[in-house]
Amino acid sequence: MRTIQFETIVNDNIISIPDKYRGKIRSGAKVKVLTVLPVENIDNPKTKAGALSVNDFTALQIDTRGFKFNREEANERR
């Protein structure tokens, strides 16, 4: 796989390939888009059912001073 890098304008959701590369791309291509400006209105991954990301988790602090842990009670089957 060869990599070709260029900048272009997206017009009506169409990415134009510069003239100097048009004859060189003869089959399918893999496209990776890096935007110059922040992207607006991208689907939030949280809206997809069951989708989680690193940003969904926050630190939790619990004060355990004075708590007595009983291993037998924790492992007791009910």
Side-chain angles (χ1 to χ4, degrees):
M1 185 181 300
R2 282 186 38 208
T3 300
I4 299 172
Q5 183 175 335
F6 57 86
E7 290 189 23
T8 187
I9 304 292
V10 178
N11 188 8
D12 199 24
N13 292 324
I14 296 174
I15 298 172
S16 298
I17 298 173
D19 291 335
K20 71 180 197 177
Y21 298 118
R22 285 192 183 163
K24 297 179 179 175
I25 301 173
R26 301 183 197 280
S27 62
K30 186 176 193 179
V31 178
K32 184 176 191 177
V33 177
L34 304 173
T35 61
V36 177
L37 299 173
V39 178
E40 299 173 10
N41 301 327
I42 288 185
D43 290 338
N44 187 345
K46 291 182 184 179
T47 60
K48 297 178 183 170
L52 292 175
S53 70
V54 174
N55 297 328
D56 292 327
F57 299 96
T58 57
L60 176 66
Q61 293 183 357
I62 300 173
D63 185 9
T64 58
R65 288 177 285 185
F67 177 78
K68 294 288 184 185
F69 179 76
N70 183 329
R71 185 176 305 278
E72 298 302 321
E73 183 180 322
N75 291 320
E76 182 179 283
R77 296 186 185 251
R78 296 180 186 201

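- Residues passing the salt bridge (charged side-chain N to carboxylate O under 4.0 Å, His left out) test with E76, sequence neighbours excluded: R78.
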Table please: side-chain donor-acceptor pairs of residues 6-20 below 3.5 Å, with sequence neighbours left out.
{"from": "T8", "atom 1": "OG1", "to": "S16", "atom 2": "O", "distance (Å)": "3.0"}
{"from": "D19", "atom 1": "OD1", "to": "R22", "atom 2": "NH1", "distance (Å)": "3.0"}

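- The distance from the CG atom of N70 to the NZ atom of K68 is 11.5 Å, given to the nearest 0.5 Å.
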